[in-house]
Each structure stands twice: as C-alpha cells, then as structure tokens.
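Report on the structure given below.
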Amino acid sequence: MTEELRLDPLAGYHAIELLQRFMVKHLTDLLTTPTPQGAAADQPSYEDAIFDKIKEKFPLIVFSCVQLASKLSLHSHIIDNNTAVQFLHSVGHSVSKQALLETELMILKGLEFRLNAPNPLTYVEILLEVLGHNEPSIPVEHLYGLCRYALQFVSLQKTAIYGTLLKTTTRCVSPSREQREKFVTVTEDCMLLGVGVISVATFILYARKWEQ
C-alpha cells in the first residue's frame with residue numbers, strides 16, 4: 001500500500017505498529033465479551049463468528065492504519081479520503097467516506113489516541129546518523145539502502161526468526177507459555193532489532209572483509 005501510494009517507508013512501519021497494537025486490543029476486547037445468550041449449540045462458535053467479522057473489515061482496518069500513519073509522517077503526503085476511496089475501489093473494496101471515518105475513529109479509540117508507537121526503521125535511521133557522525137568513513141547511505149531490504153525481510157519473516165531465537169535462547173524445542181510471555185520484551189525491542197538489522201547490512205557490505 002505504501003509503495004502504491006508513494007509514501008515514505010517510515011509510514012509503512014508506523015502503520016504496522018499501529019495495526020498490531022490495535023488488533024491485540026480489539027481482539028482482546030471482543031473475545032473477553034460474554035457470549036450472547038441464546039446462541040444455538042449447532043451454530044459456529046462465538047470466536048469463529050468474531051474472526052469472520054474481523055476478516056470482512058480487516059482490509060479497511062489495515063488501510064486506515066496506513067492513512068493514520070501518513071498523517072503522522074513528516075516525510076509523506078497525507079492520504080485524504082478521496083484518494084483513500086479511489087485506492088480501495090481500485091483493489092476491489094467499495095467503501096464510503098463515512099465507513100473510512102468510522103474505522104479511523106474505532107482505531108483511534110482502540111489505541112486511546114496514543115499514536116506515537118516506536119518503529120524499527122526510526123531506530124535504524126537514528127543509529128546510522130550516530131554512526132555516520134562518529135565515524136565519517138562509514139558509507140551510511142549505502143548501509144541505509146541495505147538496512148531497508150534487511151528490515152523488510154525480517155518484518156515478513158518475523159514469526160520464524162523470533163521463534164528460532166526463542167528456542168535458541170531457552171534451549172527448548174517447545175518453550176512454555178511463561179517463557180514466551182517473557183520473550184515479548186525481546187520481540188518488542190526496536191533498538192535491538194535496529195542494531196541487528198544494521199549488523200546484517202554491514203556484514204553484507206563487507207562480506208569479503210568478514211571472510212578475511
């Protein structure tokens with residue numbers, strides 16, 4: 001979406017953070033709501049009904065997070081409702097401006113209007129600026145390009161990568177629930193991820209020197 005709408009990559013990573021935080025809160029609220037009385041035993045479970053309902057709205061929720069992120073980014077042009085409706089229609093989702101506004105408000109309320117969630121790309125950029133300042137010989141611009149590819153890969157393979165990391169650190173093939181809950185501090189650590197991504201990019205850039 002961010003590529004199609006020509007948004008800064010920062011807006012995309014910010015949208016991901018907003019989406020993840022909203023969905024955790026939204027699903028928790030829905031699944032902890034008492035099951036409606038009178039539900040027939042042979043009907044799909046209440047949880048299945050909730051997920052089916054979410055599935056219908058999910059594309060709009062995703063887009064609304066991107067739209068909110070565009071409004072918060074200093075490097076991106078804001079996606080107005082006219083552009084939003086046209087874009088969604090072009091990908092097969094016919095929605096009204098009213099539906100857009102209602103979804104955006106739902107997300108804002110779900111996040112309690114706390115939209116300044118940290119994202120890993122911001123940390124990568126800050127760390128690279130510090131590196132470039134402390135050591136001018138480092139090709140920061142080249143590293144930044146590699147970092148963006150590395151971070152995109154990690155984001156797409158996050159479950160597999162962090163799952164492997166969890167098993168390695170706990171030395172357990174099937175980590176317990178308590179171990180997984182404690183590991184959340186690692187998965188949420190944007191500084192750690194930023195450092196890791198820069199390390200990967202540096203290894204790629206200086207692969208021959210590493211081999212030597």
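For this chain, numbers begin at 1 and follow the sequence in order. Nothing here was measured: the structure is a model prediction, and the numbers come from that model.
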Minimum heavy-atom separation for [X] and [Y], please, with both atom names.
X: A69; Y: A15; result: CB-N, 3.8 Å
X: V24; Y: T28; result: O-OG1, 2.6 Å
X: T2; Y: A11; result: CG2-C, 4.4 Å

Report, one line per pair, each donor and acceptor closer than 3.5 Å where one atom sits in a side chain of residues 88-110; sequence neighbours left out.
unit_1, atom_1, unit_2, atom_2, d
H89, ND1, S94, OG, 3.4
S90, OG, F87, O, 2.5
S96, OG, A99, N, 3.1
K97, NZ, N82, OD1, 2.4
Q98, NE2, E102, OE2, 3.2
T103, OG1, A99, O, 2.8
E104, OE1, K71, NZ, 3.1
E104, OE2, K71, NZ, 3.1

Within the structure provided, determine whether [X] and [Y] are in side-chain contact (heavy-atom separation under 4.5 Å).
X: P139; Y: Y206; answer: yes
X: E17; Y: P120; answer: yes
X: L30; Y: I54; answer: yes

Taking atom [atom1] of [X] and atom [atom2] of [Y], what is their separation to the nearest 0.5 Å?
X: L146; Y: L205; atom1: CG; atom2: CG; value: 6.0 Å
X: R180; Y: T170; atom1: CZ; atom2: OG1; value: 8.5 Å
X: L121; Y: Y144; atom1: CG; atom2: OH; value: 4.5 Å
X: F183; Y: T169; atom1: CZ; atom2: OG1; value: 5.0 Å
X: E125; Y: L10; atom1: CD; atom2: CG; value: 4.5 Å
X: F63; Y: L68; atom1: CZ; atom2: CG; value: 10.5 Å

Residues, nucleotides or ligands: over 12 heavy atoms within 6.0 Å of E181 CD: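 Result for CD/E181: enclosed.
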Other residues, nucleotides, ligands: >12 heavy atoms within 6.0 Å of N116 CG: no
Pair Q67, N81: side-chain N/O donor-acceptor within cut-off below 3.5 Å: yes
Reference residue I138; test side-chain contact (heavy atoms from CB on, under 4.5 Å); the match among L128, L143, T202: L143
Qualifying salt bridge (charged side-chain N to carboxylate O under 4.0 Å, His left out) pairs with a residue from residues 127-139, counting only residues at least two apart or across chains: none
Common cluster, V140/V130, ILVMFWY with side-chain heavy-atom separation under 4.5 Å: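 Looking at the clustering, V130 is in a separate group from V140.
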Cluster link L19 to F51, ILVMFWY, side chain under 4.5 Å: yes
Donor-acceptor pairs are to be reported for all side-chain atoms of residues 147-166 against protein atoms at under 3.5 Å, with residues two or more places apart or in another chain.
unit_1, atom_1, unit_2, atom_2, d
S155, OG, L151, O, 2.8
T164, OG1, A160, O, 2.9

Show me the side-chain donor-acceptor pairs of residues 55-62 shorter than 3.5 Å, one per line, residues at least two apart or across chains.
none

Show which side-chain atoms of residues 186-195 pair as donor or acceptor with protein atoms under 3.5 Å away, not counting sequence neighbours.
unit_1, atom_1, unit_2, atom_2, d
T187, OG1, V184, O, 2.9
E188, OE1, R21, NH2, 3.2
D189, OD1, M191, N, 3.1
D189, OD1, L192, N, 3.0

Partner residues of F22 under the ring pair (Phe, Tyr, Trp, His ring centres under 6.0 Å) criterion, sequence neighbours left out: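 F22 satisfies ring pair (Phe, Tyr, Trp, His ring centres under 6.0 Å) with H26 once adjacent residues are dropped.
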T83 side-chain N/O to I79 backbone N/O, donor-acceptor pair under 3.5 Å: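 No, because the side chain of T83 does not come within donor-acceptor range (under 3.5 Å) of the backbone of I79.
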Side-chain (H14) to main-chain (L115) donor-acceptor, under 3.5 angstrom: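 Judged by distance alone, yes, a pair lies under 3.5 Å.
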